[in-house]
Colleague: 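This structure is in structure tokens; I'll ask about it shortly.
Because the structure is a prediction, the values reported are computed rather than measured. Atoms within each ligand, like the ligands themselves, are counted from 1 in listed order.
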Amino acid sequence: MFAIQKAKAGKGLEATTIESQKPKDNEVRIKVTHAGVCGTDMHIYQWDDWSQKRVKPPLILGHEFVGEIVELGADVYGYEVGQRVSAEGHIVCGVCTLCKTGRAHLCKDTVIIGVDRQGAFCNEINMPAPNLWPVSSKISDAHAAIFDPLGNAMHTVMAFPPSGEHVMISGAGAIGLAAVAMSKANGARKVTVVEPSEHKRQVAQKLGADVTIDPFNTDVVATVADDKPTILLEMSGNEKALETGLKSLLEGGKVALLGIPPKAVTINLAELVIFKGLTLQGIVGRKMYETWYQVDHFLQNHPEAVDELVTHILPAQDFQKAFDLLEAGEAIKIVLQFAE
Ligand SMILES: [Zn+2]
Ligand SMILES: [Zn+2]
């Protein structure tokens with residue numbers, strides 16, 4: 001069957017074929033129909049510092065997908081052949097303190113599909129049954145394929161209840177844009193987006209942003225001084241954006257950090273965090289499975305918002321085009337189609 005793999009060190013990906021594998025007793029075999037291309041895939045495609053340390057080629061990429069169960073392992077119950085499912089791509093140990101106390105997204109022994117083991121850019125993938133997420137018939141394939149990044153957005157938005165708050169979002173890629181719509185859907189009084197790309201600022205407005213600011217040509221802190229944000233969702237991983245966001249916040253504000261800085265950052269902790277009484281929260285993965293319920297609800301009630309994010313649905317064989325479009329900044333979210 002067809003698969004997209006990182007064959008060797010260096011930039012690029014290759015088409016390949018692999019054999020179908022029998023699921024282990026606790027796994028199901030899934031026919032992948034659609035899979036999302038993510039920033040993580042782009043890192044591995046470009047073979048940056050992070051992926052050189054983490055990824056061991058050959059590896060089939062892809063961790064966001066939807067498909068149909070074609071075979072059940074011997075010990076699997078509660079699912080049936082033919083059922084449409086997505087899945088949490090973080091496979092956790094299930095026995096550590098964090099897994100045992102409702103914080104499995106922080107499990108130190110997490111194995112990620114498409115990063116540490118075979119991913120979903122393939123006609124089939126085997127997944128442990130506890131990771132499956134049954135998909136409602138009300139949710140389209142293209143939308144169901146991106147539960148994972150929408151989950152990152154939702155996890156960040158819900159870190160601090162947005163109801164009645166002024167939420168500032170720095171960085172409006174696919175996840176930042178999703179966070180705009182989710183913040184509004186969850187009662188944010190006002191959403192301010194800081195993003196250099198004019199096109200992305202326009203999409204943010206369509207998704208409900210009240211104010212959009214170009215940080216390269218506008219003084220962000222001065223612009224929000226009359227009505228300071230109370231929550232900052234940092235989605236860019238950019239040091240300057242973080243500093244600007246911290247300066248912009250009202251005293252006592254809350255900060256959820258999802259964007260990953262490529263290297264250590266320097267901030268004035270005393271002036272920007274301690275004396276302002278800010279609360280900082282790092283965000284990784286999705287809560288299992290509270291976040292999935294929240295995303296499910298969002299997908300069923302706001303499909304028009306998700307349509308703004310999925311700019312391309314391409315045949316899986318055209319994966320090179322997908323990476324070219326993303327690299328050129330000409331797409332927001334691309335979904336690859338592996339089967340009908
Ligand atoms: Zn992803
Ligand atoms: Zn664990």
Colleague: Is there a side-chain contact between Thr192 and Thr212 (heavy atoms, below 4.5 Å)?
Modeller: no

Colleague: Identify the two heavy atoms, one from Asp41 and one from Gly62, that lie closest to each other, and give their separation to 0.1 Å.
Modeller: OD1-N, 3.6 Å

Colleague: If we only look closer than 2.8 Å, how many protein N, O or S atoms does the Zn ion (ligand 2) have near it?
Modeller: 4

Colleague: So, Glu68 and Arg29, do they make that salt bridge, N to O below 4.0 Å?
Modeller: no

Colleague: Taking Lys321's backbone N and O only, do any of them form a donor-acceptor pair with Asp318's side chain (distance below 3.5 Å, no angle check)?
Modeller: no

Colleague: Keeping to residues at least two apart or across chains, list the salt bridge (Lys or Arg N to Asp or Glu O under 4.0 Å) pairs with something in residues 83-97.
Modeller: Arg84-Asp141, Glu88-Arg286

Colleague: Could you tell me whether His63 and His90 have their ring centroids closer than 6.0 angstrom?
Modeller: no

Colleague: For Ala256, what residues pass the side chain to side chain contact (heavy atoms under 4.5 Å, CB included) criterion, not counting sequence neighbours?
Modeller: Thr156, Ala159, Phe160, Leu233, Ile283

Colleague: Should the heavy atoms of other residues, nucleotides or ligands under 6.0 Å from CG of Leu269 be counted, would the total exceed 12?
Modeller: yes

Colleague: May I ask you to determine how many protein N/O/S atoms are under 2.8 Å from the Zn ion (ligand 1)?
Modeller: 3

Colleague: Students often mix this up, so state it plainly: with edges at 30° and 60°, are the rings of Tyr45 and Phe323 parallel, tilted or perpendicular?
Modeller: parallel

